[in-house]
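What follows is one structure encoded as structure tokens, with my remarks underneath.
No hydrogens, no waters, no symmetry mates; every other heavy atom, side chains included, goes into these values. Numbering of residues begins at 1 and proceeds along the displayed sequence. It should be emphasised that the depicted structure is a prediction, and the values quoted were computed from it without experimental measurement.
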Amino acid sequence: HFTYYETVGLYSEKRELWLCSNDRFILRAHQAVGGGTSGMLLEYRGSWLVTDNVLKLHYADGSQKMILLREEGNAIFFNESRSYRLTNRVCR
């Protein structure tokens with residue numbers, strides 16, 4: 001389970017990503033709406049794969065997203081955004 005922030009327009013939005021051992025993922029996106037004064041939670045599912053330091057998320061709707069991975073000491077960066085590893089209680 002990882003959490004990281006992604007810049008979307010003018011806002012930095014929280015992402016929570018669970019990478020399950022069966023090559024499935026769950027991504028929860030906390031998106032800003034209403035000029036950033038409120039937000040909504042979206043959930044996406046699909047499969048994942050890491051190749052050449054790129055995490056490839058293949059969404060259930062057929063779209064995909066690529067996230068560049070970089071390790072620096074004990075830190076892992078997702079597209080230059082520091083990620084934080086948390087206990088995975090959703091999937092194994």
Taking the side chain as every heavy atom from C-beta outward, state whether Ile26 and Glu43 have any atom pair closer than 4.5 Å.
yes
Which pair of heavy atoms, one from Asn88 and one from Val90, lies closest together, and at what distance?
OD1-N, 3.0 Å
Could you see if Ile67 belongs to whatever hydrophobic cluster contains Leu42? Use Ile, Leu, Val, Met, Phe, Trp, Tyr and a side-chain cutoff under 4.5 Å.
yes
Main-chain N/O of Cys20 paired to Trp48 side chain as donor or acceptor, under 3.5 Å:
yes
Is any side-chain heavy atom of Leu55 closer than 4.5 Å to a side-chain heavy atom of Leu17?
yes
Which pair of non-hydrogen atoms, one from Tyr4 and one from Arg82, has the smallest distance, and what is that distance?
CB-O, 3.9 Å
Nearest heavy-atom neighbours spanning Val54 and Met66:
CG1-CB, 3.9 Å
Is a side-chain donor-acceptor pair under 3.5 Å present for His58 with Gln64?
yes
If we only count heavy atoms from C-beta on, is the Thr87 to His1 side-chain gap below 4.5 Å?
no
How long is the gap from CG on Leu19 to CG on Leu49, to the nearest 0.5 Å?
11.0 Å
Looking only at side-chain N and O atoms, does Ser81 offer a donor or acceptor that is under 3.5 Å from a partner on Asn79?
no
What are the two closest heavy atoms between Arg28 and Trp18, and how far apart are they?
NH1-CH2, 3.4 Å
What's the shortest heavy-atom distance between Glu13 and His30, and which atoms?
CB-O, 3.3 Å
Taking the ring of Phe78 and the ring of Phe2, is the distance between their centroids below 6.0 Å?
yes
In this structure, would Leu27 and Met40 fall into the same cluster of hydrophobic residues linked by side-chain contacts under 4.5 Å?
yes
Carefully, step by step, assess Glu80 and Arg70 under the rule side-chain contact (heavy atoms from CB on, under 4.5 Å).
CA-CA 7 Å; Glu80 299 302 320; Arg70 180 173 60 86; 2.9 Å; yes
So, Asp23 side chain and Ser47 main chain: donor-acceptor pair closer than 3.5 Å or not?
no
What's the separation between atom NZ in Lys65 and atom CZ in Phe25, rounded to the nearest 0.5 Å?
9.5 Å
Expected output: side-chain Thr3 to main-chain Arg15 donor-acceptor under 3.5 Å
yes
Please determine whether residues Leu57 and Val50 belong to a single hydrophobic cluster, defined as Ile, Leu, Val, Met, Phe, Trp and Tyr linked transitively by side-chain heavy-atom distances below 4.5 Å.
yes
